Structures are given as C-alpha cells and as structure tokens.
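Note that this is a predicted model, so its numbers are computed, not measured.
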Amino acid sequence: MDLRAALTAHRLVAIVRGDDPEAAVRTVLALAEEGIELIEVSLSGKDALSVIERAREALGPDRPLGAGTVLTAADAHSARQAGADFAVTPALGDGVTAARELGLPVLAGVMTPTEILAARTLGAAALKIFPAAQAGGPGYLKALRGPFPDELFVPVGGVDGAAARAYLAAGATAVGVGSPLIGDAADGGSLTALRDRARAFLAVANEDTVTVDAAVASVAQEDAS
C-alpha cells in the first residue's frame with residue numbers, strides 16, 4: 001500500500017488496543033463502517049495477532065490495516081503473516097528494518113531531529129512523533145517542520161479533538177488517536193459511543209485547517225479550564 005498517500009488523504013489513524021479480543025475486532029469493524037480508513041491494531045493488546053487476522057478476513061484484502069507497537073523482527077514477521085499491510089513502531093529498531101524487508105511501509109516512532117534523520121535512512125514512509133504531548137505538543141511539531149519541511153509527521157499520544165485540530169494546523173500530515181477515540185470499546189464498552197467519537201474525529205480530520213496560532217490557543221485554553 002501507499003502509506004504516504006493514505007496518510008495525506010485521510011489524516012487520521014485510529015489505534016486499537018484492548019483486553020477483550022472479541023471487542024477489539026468489533027471496534028475495528030465499527031471504525032471501518034464509520035469511514036475511518038486507517039486503523040492500527042497494537043500488538044500490546046490481548047491476542048492482537050488474532051484480532052488482526054479476524055479483522056483482515058472481515059475487511060477483505062483491500063482495506064488498509066496496520067499493526068502497531070512493532071518492536072522486533074519477530075513482531076514484523078508475525079504482523080505480516082496475520083494480514084497487516086503497514087507497520088507502526090514507537091521507536092527505531094529491528095521492527096522498522098524487518099518490516100521494510102517484508103515490503104511493509106512503516107510509520108516509525110521518533111522524537112528528536114537525530115531520530116528523524118535515522119528514520120529517513122531506514123526507509124520509513126512517515127514519522128510518528130511519540131509521545132507527542134510530552135515532546136512539546138503542536139509547538140514542537142511546528143519547530144520540526146522548519147528543518148524538515150518535506151517529512152510526513154503523525155503526532156501520537158494525548159491527541160484529543162482540540163489537539164488533533166492544532167497538530168493538523170501546525171503541519172501534521174495526520175494524527176494518531178488511541179484512547180480519546182477508542183475509549184473502552186476495545187474492552188467491551190459501548191460501540192454507539194465509539195461511533196459518535198469516530199464521527200467527531202472524522203469531522204476534525206476533514207476540516208479546512210485553521211491557523212496554527214488559533215488552534216494552539218484553543219488547546220491552551222482547554223488545558224487551563
């Protein structure tokens with residue numbers, strides 16, 4: 001798959017991680033039904049490979065489906081065998097290298113400029129700024145875009161609706177969203193509430209981007225309240 005094109009087009013990656021495999025599969029399918037095109041199943045969830053296998057069978061071969069928390073070469077091989085067609089890592093390491101060797105595009109976890117250069121060398125398709133909130137939020141992303149204007153950045157970690165809007169305004173290609181979107185759905189919680197949150201995040205992803213100063217101010221106001 002062309003992960004770079006997909007991230008640019010859809011601007012949202014849903015991150016599914018749960019303790020109930022049945023609920024996790026239902027969560028993936030509900031997100032897909034609501035129109036979220038890029039879904040990642042974290043390997044740190046319970047029976048995650050089984051979740052990927054079952055979701056792939058239900059979604060068919062053409063719908064993008066990623067494996068997250070790919071740390072090792074073994075993780076990459078298992079994810080590919082389960083049916084993942086892209087890999088997401090929290091950091092740089094053997095998982096990135098092995099995934100690339102298997103033909104999987106990689107959204108690779110970075111935080112510093114040095115790691116950005118290393119990820120480029122490893123052939124990462126796009127760069128996951130993680131943990132984005134702790135790294136400095138939208139302001140940090142804006143600063144990175146100065147020396148790296150052509151990189152595709154995807155902030156992950158602490159991304160709620162207001163933060164998603166701010167990151168996109170600051171130049172993010174897409175945002176990765178876990179618990180603010182998934183909530184408790186992958187643990188057996190309400191799919192109705194999940195669908196409502198999915199529609200809300202899709203609305204943000206589909207907005208015309210507001211100015212970064214206004215978006216960052218909005219996040220700061222929410223944090224202060």
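Taking the salt bridge (charged side-chain N to carboxylate O under 4.0 Å, His left out) definition, one finds that R120 meets it with E151, sequence neighbours left out. Applying the salt bridge (charged side-chain N to carboxylate O under 4.0 Å, His left out) rule to R80 yields no partners; only residues at least two apart in sequence or on another chain are considered.
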Item to check | Full working for side chain to side chain donor-acceptor pair (under 3.5 Å) between T112 and T114 | outcome: CA-CA 5 Å; T112 67; T114 300; 4.6 Å; no

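Of the possible donor and acceptor atoms, none in the side chain of D196 sits under 3.5 Å from a partner among the backbone N and O of A193. Remark: the backbone N or O of P105 is not paired with any side-chain donor or acceptor of R4 at under 3.5 angstrom. A donor-acceptor distance shorter than 3.5 angstrom exists from the side chain of R56 to the backbone of G83, with no hydrogens or angles considered. Between the side chain of D187 and the backbone N or O of D19 there is at least one donor-acceptor pair closer than 3.5 Å. With hydrogens and angles ignored, the 3.5 Å screen pairs a side-chain donor or acceptor of Y140 with a backbone N or O of M111.
Heavy atoms only, all atoms of each residue included: A170 and P138 are closest at CB-O, 3.7 Å. Heavy-atom minimum distance, G123 versus R100: O-NE, 3.1 Å. Scanning both residues, P155 and A174, for their nearest heavy atoms gives CD-O, 3.1 Å. Across A185 and L191, no two heavy atoms sit closer than the pair CB-CD2, 4.4 Å. Across every non-hydrogen atom of G176 and I15, the tightest pair is C-CD1, 3.9 Å. Taking every heavy atom of both residues into account, A99 and V106 meet most closely at CB-CG2, 3.6 Å.
Of the inter-residue distances, the one linking L181 atom CG with D160 atom CG reads 11.5 Å to the nearest 0.5 angstrom. Atom CG of residue D47 and atom CD1 of residue I52 lie 11.5 Å apart, to the nearest 0.5 angstrom. For the atom pair CZ (R11) and CG (L38), the distance works out to 13.0 Å, reported to the nearest 0.5 Å. With rounding to the nearest 0.5 angstrom, the OG1 atom of T89 is 9.5 Å from the CG atom of L127. Rounded to the nearest 0.5 Å, atoms CG (L65) and CG (L59) are 6.0 Å apart. Put simply, CG on L43 and OG1 on T69 are 6.0 Å apart, with the number rounded to the nearest 0.5 Å.
For the pair V175 and F201, the minimum side-chain heavy-atom distance is 4.5 Å or more.
Screening residues 21-39 for salt bridge (Lys or Arg N to Asp or Glu O under 4.0 Å), with sequence neighbours left out, gives E22-R54, E33-R195, E34-R195, E34-R199, E37-R63.
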